Every structure is written in structure tokens, then in C-alpha cells.
Amino acid sequence: MAQDDKQLIQEVTQSEYKYGFITNIETETAIKGLTEDTIRFISLKKTEPEWLLEYRLKAFAKWKEMKQPNWAQLKIPEIDFQEIIYYAAPKRKKELESLDQVDPELLDTFNKLGISLDEQKRLSGVAVDAVIDSVSVKTTFTETLSKHGILFCSFSEAVKNHPDLVKKYLGMAVPPSDNFFAALNTAVFSDGSFCFIPKGVRSPMELSTYFRINAANTGQFERTLIIADEGSYVSYMEGCTAPQRDENQLHAAVVEIIAMKDAEVKYSTVQNWYPGDKNGRGGIFNFVTKRGICKGDHSKISWTQVETGSAITWKYPSCILSGDNSIGEFYSVAVTNNHQQADTGSKMIHLGKNTKSTIISKGISAGQSQNSYRGLVKMTKRATNSRNFSQCDSLLLGDKCGAHTFPYIEGANKSSIIEHEATTSKISEDQLFYCQQRGINQESAVGLIVNGYAKEVLNKLPMEFAVEAQKLLSISLEGSVG
Amino acid sequence: MLLQVKNLHVSINGKEILKGVNLEVNKGEVHAIMGPNGTGKSTLAAVIAGKNGYEITQGEILYNGKNLLDMPPEVRAQEGIFLGFQYPVEIPGVSMTNFMRTALNEIRKYHGQEPMSAKDFLARMTEKKDLVELTSKLTNRSVNEGFSGGEKKKNEIFQMAMLDPQLSILDETDSGLDIDALRIVAHGVNKLKTKENATVVITHYQRLLDYIVPDFVHVLFEGKVVLSGGKELALELEEKGYDWIKKETENHSK
Ligand SMILES: Nc1ncnc2c1ncn2[C@@H]1O[C@H](COP(=O)(O)OP(=O)(O)O)[C@@H](O)[C@H]1O
Ligand SMILES: [Mg+2]
């Protein structure tokens with residue numbers, strides 16, 4: 001590679017995080033450290049029912065016996081779980097009825113992010129449940145949704161108002177002892193979103209939540225539960241940007257989706273947590289468990305993710321294809337730059353007959369980053385005539401980064417077909433020069449080429465997200481060249 | 001004067017490829033650069049366009065009186081220089097439409113103009129692709145992906161038409177074309193000719209010059225322009241072959 005290109009790659013890959021700012025909202029924090037008392041404190045603060053406290057405590061007991069997983073292609077600094085604050089909520093003086101009552105500084109933060117609730121409300125027709133520091137500040141559009149019988153609220157509200165539904169479905173896709181981080185989340189989860197689509201209802205709008213980490217040293221443990229009853233449909237979007245911080249922040253969310261017979265759930269994410277500075281200082285540790293169960297026949301769950309942020313990403317949105325003829329999909333673009341590390345992919349567990357799954361993964365690595373795809377496709381004996389297609393592509397920008405692919409396949413029946421394709425490519429100097437010769441500078445050229453490379457996945461995003469995601473890809477990689 | 005190449009010496013990895021090239025191109029002119037393979041024609045084109053990896057050890061290039069060698073490649077393009085590539089690359093996933101729209105708007109931005117409206121842009125696409133008989137099937141594809149050799153060359157001329165450059169350098173646009181495609185490409189180039197722009201066609205066959213009639217013909221041999229003349233020089237070259245040039249230059253150096 002020519003010297004100029006190297007320099008350019010460095011410049012591009014070293015652009016500072018564009019959403020780095022911190023709001024000064026008064027925060028009421030729990031004591032540091034994790035004991036049964038911490039859990040009782042959280043549960044008490046949230047005036048939870050006894051069964052939920054018990055559920056948390058059981059998970060905590062399990063967690064204490066578990067070890068942090070170390071099988072991923074990640075170098076994870078030791079996390080001192082006793083140094084983390086497990087609960088933070090913006091101080092609320094009274095119940096909020098309108099946006100006017102929201103902390104102006106908070107609104108300002110949304111404005112900086114370009115996601116002001118006001119604007120969202122008027123322009124986009126998107127219901128927004130904004131989570132800042134663990135407590136929902138304001139839920140909008142609930143009225144329209146409730147007309148259709150759709151429940152969309154914060155997890156805490158769901159516990160208060162729909163305890164039976166929560167009790168019935170919580171842990172169905174991700175049991176408390178599923179893995180180290182899921183157990184931790186179950187023990188200490190703060191808040192998140194709850195969504196229930198009743199029988200035969202198609203949600204009239206995209207549902208979305210914006211998550212943000214704000215209070216220093218505060219681990220975030222969101223919990224999301226989405227239930228699509230028979231024959232229903234919902235498209236759910238989740239996205240986030242986080243303020244710039246020096247300390248590493250732990251984020252261990254759990255998302256569960258349950259799709260009943262003939263139901264379809266589309267879950268889209270744009271993840272842009274603070275990735276750390278260009279020397280690898282700071283940044284979010286993102287250990288996420290996302291899983292959906294296609295419980296009923298002919299149900300469908302589709303995950304689409306654009307991952308550009310976090311210092312460490314550990315995330316495998318998965319589908320358990322339990323119903324016959326059910327469908328699981330995973331579309332992913334994961335960008336790593338500077339010292340970021342990502343180990344992400346999907347698991348497709350085929351249990352039902354004639355089940356189908358698709359995995360399309362596009363990894364993009366720049367700087368000194370490491371980007372791994374890890375996936376499991378499993379066909380059980382009962383899953384006859386099932387199919388999987390996996391396509392895992394890696395794009396390298398520069399020569400100091402790494403891309404890895406770990407596809408695992410377990411096939412236990414003869415009538416099923418598993419196909420796996422993988423490619424690794426670089427942006428060539430000739431491609432860049434071709435663009436430049438047409439008047440396009442190198443940064444824009446990289447953006448153009450990368451977006452072209454990721455198009456198959458970006459096309460799966462809802463319109464509102466696709467444009468944002470395209471910008472984000474270009475911003476995250478400005479100037480990286482292969 | 002549009003382009004002035006003065007005593008240009010260029011090396012690749014320490015090996016001298018161009019050994020003192022002089023070339024002057026005025027608005028409204030068509031120049032042909034001929035010469036056997038490996039003689040430095042593509043190198044000259046690449047250096048004018050600003051490709052990396054060449055050491056310019058001596059000489060200068062002026063474009064509209066400005067020092068071209070100081071400009072990054074995209075600025076040269078924005079200033080009106082277009083290179084029709086000998087081997088156009090494929091850019092998977094990037095549609096021709098998106099590519100051209102980005103390029104055109106970057107060039108407009110450089111000249112302080114607003115981006116072209118989608119409506120005007122699409123109208124321009126339709127007009128220009130008809131010029132070189134490219135189908136929508138092709139322009140809807142990714143840049144050069146799945147294009148045949150001939151289609152790639154037509155696509156270069158299509159892009160030239162879209163971007164309306166002041167100086168076009170067409171590097172072996174004729175190679176690999178059958179006679180029909182050659183006619184179409186030549187027709188496109190002739191159509192785009194105005195008093196304000198200039199074209200430099202690089203070729204080692206005289207065949208193309210039956211369709212694109214040059215005002216000047218230069219013979220590049222072993223890194224130097226050894227002969228310049230009118231269009232009849234191409235015919236003479238065709239008749240006597242490149243060996244004739246070889247002998248001529250040997251005689252000169254004796
Ligand atoms: N990237 C390169 N590295 C090394 N040598 C090169 C490179 N590009 C061209 N050359 C050499 O430079 C000379 C001129 O090449 P080129 O300009 O492509 O000639 P032409 O276009 O006239 O056929 C040839 O000897 C070729 O081998
Ligand atoms: Mg050549």
C-alpha cells in the first residue's frame with residue numbers, strides 16, 4: 001500500500017467519536033457492589049412484587065457459581081463486579097405528563113443526537129420509549145397503540161400493570177442460568193421495554209427505543225421482552241449512542257422475543273456505544289444476550305443489526321426454530337476500528353420440521369481492531385427438511401486489523417441442508433483511484449464502497465434507520481483504506 | 001493552452017519509464033498517442049490523472065496554467081480531467097446510478113453548485129446512456145460488475161458523457177472491441193467533442209483513428225515522444241510497423 005493511503009487510513013480510522021458528550025442530570029445511585037442487598041435495593045426502589053425479587057435472587061445465586069466465558073476471540077480486561085453501581089435513575093420530582101415536564105437538559109441531549117422526542121412525535125410516526133439511565137422518562141404514542149390493543153411500555157410499568165404476561169413469558173427465551181451475563185442481567189436488570197402484540201394485530205408503526213448510558217460507572221442492564229401473539233406482526237427498532245467517557249462501562253442487556261403461531265417479529269438495531277478513543281482507552285463493554293423463539297408453526301423472527309460502537313462486543317442474536325415451518329433470519333454489519341473488538345454472530349437452532357434460517361454477516365475491520373463472526377447452525381433429528389444458508393463476508397481496511405470466522409455446524413438429520421459461504425476482501429487501491437478519478441475523494445469513496453458492501457444488510461433495515469445507518473458506517477470508517 | 005507536459009521523467013520503483021515526455025494540448029483538439037506495448041502510454045495517462053506509486057523525478061505538468069502535480073486526483077477530476085481506464089475496476093454493491101450521482105455532485109460542489117435534482121439527474125442518465133447504447137439493465141448494476149469487456153469500455157464513455165470533462169484521456173478504449181462496439185464508442189466520443197474540450201486517445205492500432213480523426217498523432221517509444229505529426233502519421237505507422245520507429249530512433253541516436 002502506498003504511503004498516502006496508509007496515512008489516509010489512519011486519519012479516517014482515527015476520527016473522534018462524534019456523539020461524545022455528557023449530560024448533567026442529577027442521578028440517584030445505589031451503593032457500589034453486588035450482594036443480595038443490592039438486589040433487594042433495586043427491587044424495593046422499583047416496588048416490585050415478591051415473585052420477581054425471588055426470581056432475581058435465584059439468578060444471582062446461579063451467577064455466583066458461574067464463570068465469565070472466555071471462549072470468544074476477545075481480550076477482555078478483568079471486570080470487578082464489586083466496583084460497579086447497579087442502579088441509577090434520574091431523580092424524578094413527579095409523574096410526567098408531557099414533554100414540557102421533561103428535564104430540559106435531557107431534551108437537549110436528545111436534540112444533540114437528532115432524536116428529540118418532540119420531532120420524533122410529530123415527524124416520524126414512531127412510538128418512542130426513551131430509556132436514560134435505566135428509568136423510562138416518557139412513553140409516547142401509547143394511545144394509538146392501545147387502540148390496537150398493543151402494549152408498549154417500560155419493563156417496570158409492565159411489571160406493575162401486566163404482571164401475568166411478564167411472569168408467563170420472562171425467561172422463556174433466555175432462562176436465568178443461560179449464561180454468565182444473562183444471569184447477571186436477570187439478577188440486577190434495571191429497566192427496558194415490554195411489548196405485547198395481541199392476536200391478529202399488525203402494529204401500525206415501527207416501535208423504537210433509544211438507550212443511552214449516562215451516569216459514570218453505572219452498569220446498564222436492560223431487559224426487553226417482546227411477545228407477538230398468533231398471527232400478529234411488529235417491527236421493532238432499537239438504537240443508541242452514548243456519551244464519551246474514560247472509564248469502561250459494562251452493558252449486559254437481555255432481549256427476548258417470543259413469536260406464536262403465524263406471528264412475525266422484525267427486530268432492528270443500530271448499536272453505536274462509545275467505542276473508546278483511538279488508543280483503546282475507555283469504551284463500552286457490550287455483552288448482550290438476544291434470543292427469539294419461533295414457538296408457533298409458521299412464525300418468523302428476523303434480527304438485523306448494525307454494530308459500530310463499543311470497545312468490546314459479545315453478541316449472538318439467535319433463533320430457536322421450535323414451530324414447524326418457522327423462519328429465523330440474521331442480518332449483520334459489524335464495524336470495528338482502532339482497538340475495538342467484536343465477536344458476534346448468530347445461532348440458529350432448528351427443532352421444528354421444514355424450518356428455514358438465513359445468516360448474512362458482513363464484518364468490516366479497520367485500524368488495529370479484531371472482528372470475529374461466530375455462528376452455530378444446529379439441525380436436530382426432528383428438524384427434517386430444514387435449510388440454512390449462511391454467508392459470512394469480511395472486509396479489511398488496512399493491514400493491522402484482523403477478521404476471523406468461526407462457523408459451527410451440527411447436523412443430525414439427512415434431509416436437511418446447511419450451506420455456508422465465506423469471503424474475505426480488501427478495498428483495493430484501484431477501486432479507490434477509480435472513484436477519485438471521477439471526482440470522489442478517498443473518504444467518500446470508502447463510505448461508498450463500504451455501504452455498497454453492506455447493502456444487502458442495510459436494505460433490511462426500516463427506512464428511518466437505513467439512512468442513519470449509512471451515515472454511521474461512513475463516520476465510523478472515515479478514511480480507512482485497504 | 002489546456003495541457004502542457006514538460007520534460008516529464010517518471011520512475012516506478014526506481015526504474016525510469018518516462019524519459020522526458022513533452023506534450024501540448026489545446027482546447028478543441030484531438031490528439032492520438034500511439035506506440036507499442038510497454039512503452040509508457042498508460043503510465044503517462046496515470047501520472048496526469050494523479051495515480052499513486054509513480055516518482056516524478058523531473059519536469060512538470062500544467063493544466064489551464066495550474067500546476068497539476070500539486071493536486072490530489074479527485075481535484076484533477078473536479079478540474080475537468082477524465083481518464084477512460086484501460087482496465088476499469090468493478091466495485092461490488094455500488095450501483096452505477098449512485099456512483100455517478102456521487103461523482104457528479106462532488107464535481108458540482110467543487111464548483112460551488114448545488115447537487116443536481118434527482119429528476120434532472122435521471123434525465124441526464126437516460127440521455128447519456130442512449131449515446132453509447134448502454135441498457136438500463138447495465139446502469140442498474142454495480143459499477144462494472146458483470147459487464148463484458150466491450151460494455152466496460154462503453155461504460156467509460158458513458159461516464160465521460162455524464163461528467164462532461166474538459167480533457168479526456170482515453171486509454172486503449174478500442175482494445176477488445178468488435179467493430180460495432182468500436183463504432184458506437186467512437187460515435188460517442190465524436191458527439192462529445194466541442195471547441196472547449198480536448199481528447200487524447202491512446203491506442204496502438206490505427207483502426208480507431210478511422211473513426212476518431214485526430215488533429216495530431218504522437219508516437220511514444222521507450223518513454224519518449226519520438227515522432228509527432230498529423231493524422232497521416234498513423235497511416236504511415238500502420239504501413240511500416242513499429243520496427244520502423246525502432247530503426248528511426250536508432251539512427252537518430254547514432
Ligand atoms: N506498477 C508497475 N510496477 C512496475 N512496472 C510497471 C508498473 N506499471 C507499468 N510498469 C512498467 O512500465 C512500463 C510501461 O508500462 P505502460 O505505461 O503500462 O505501457 P503501455 O501502456 O504503453 O503499454 C512497462 O515496462 C511496464 O512493465
Ligand atoms: Mg497501456
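Side chains included, hydrogens not; waters and symmetry mates left out as well; all remaining heavy atoms used. Naming: A, B, ... by sequence-line order, numbering from 1 per chain. Only a predicted model underlies this, so the values are computations on that prediction, with no experimental measurement involved.
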**Q** Do you know the tightest heavy-atom contact between B:A46 and A:F433?
**A** O-CZ, 4.5 Å

**Q** Contact part of A:S444 toward chain B, heavy-atom cut-off under 4.5 Å: side chain, backbone, both or neither?
**A** side chain

**Q** Does atom CD of A:E456 have more than 12 heavy-atom neighbours from other groups under 6.0 Å away?
**A** no

**Q** Is there any salt bridge (Lys or Arg N to Asp or Glu O under 4.0 Å) pair reaching into residues 138-167 of chain B, and which pairs are they, with sequence neighbours excluded?
**A** A:R438-B:E156, B:E90-B:K152

**Q** Which residue is it: B:N105, B:I107, B:T102? I am looking for the one with a side chain to side chain contact (heavy atoms under 4.5 Å, CB included) to A:I440.
**A** B:T102

**Q** So for B:L104, is it side chain, backbone, both, or neither that comes closer than 4.5 Å to the heavy atoms of chain A?
**A** neither

**Q** Check this for me: B:K19, atom NZ, are more than 12 non-hydrogen atoms of other residues, nucleotides or ligands nearer than 6.0 Å?
**A** yes

**Q** Let me know if B:P88 has heavy atoms under 4.5 Å from chain A in its side chain, its backbone, both or neither.
**A** both

**Q** Just by distance, with hydrogens left out, do B:Y87 and A:D430 show a side-chain donor and acceptor under 3.5 Å apart?
**A** no

**Q** Given that the side chain runs from C-beta out, which part of B:L163 has a heavy atom under 4.5 Å from chain A: side chain, backbone, both or neither?
**A** side chain

**Q** Looking only at non-hydrogen atoms, find the nearest pair between A:C435 and B:I91 and report the distance.
**A** SG-CD1, 3.8 Å

**Q** Looking only at heavy atoms, which two atoms of B:Q78 and A:G439 are closest? And how far apart?
**A** NE2-O, 2.9 Å

**Q** How many angstroms lie between CD1 in A:I449 and OG in B:S142, if you round to the nearest 0.5 Å?
**A** 11.5 Å

**Q** Please classify the contact of B:V75 with chain A as side chain, backbone, both or neither, using a heavy-atom distance under 4.5 Å.
**A** neither

**Q** Can you tell me if A:K455 has over 12 outside heavy atoms packed within less than 6.0 Å of its NZ?
**A** yes

**Q** Students often mix this up, so state it plainly: with edges at 30° and 60°, are the rings of B:F85 and A:Y434 parallel, tilted or perpendicular?
**A** tilted

**Q** Looking at A:Q437 and B:L83, would you say the former's side chain and the latter's main chain have a donor-acceptor pair under 3.5 Å?
**A** yes

**Q** When rounded to the nearest 0.5 angstrom, what distance separates CZ in B:R101 from CG in A:L448?
**A** 12.5 Å

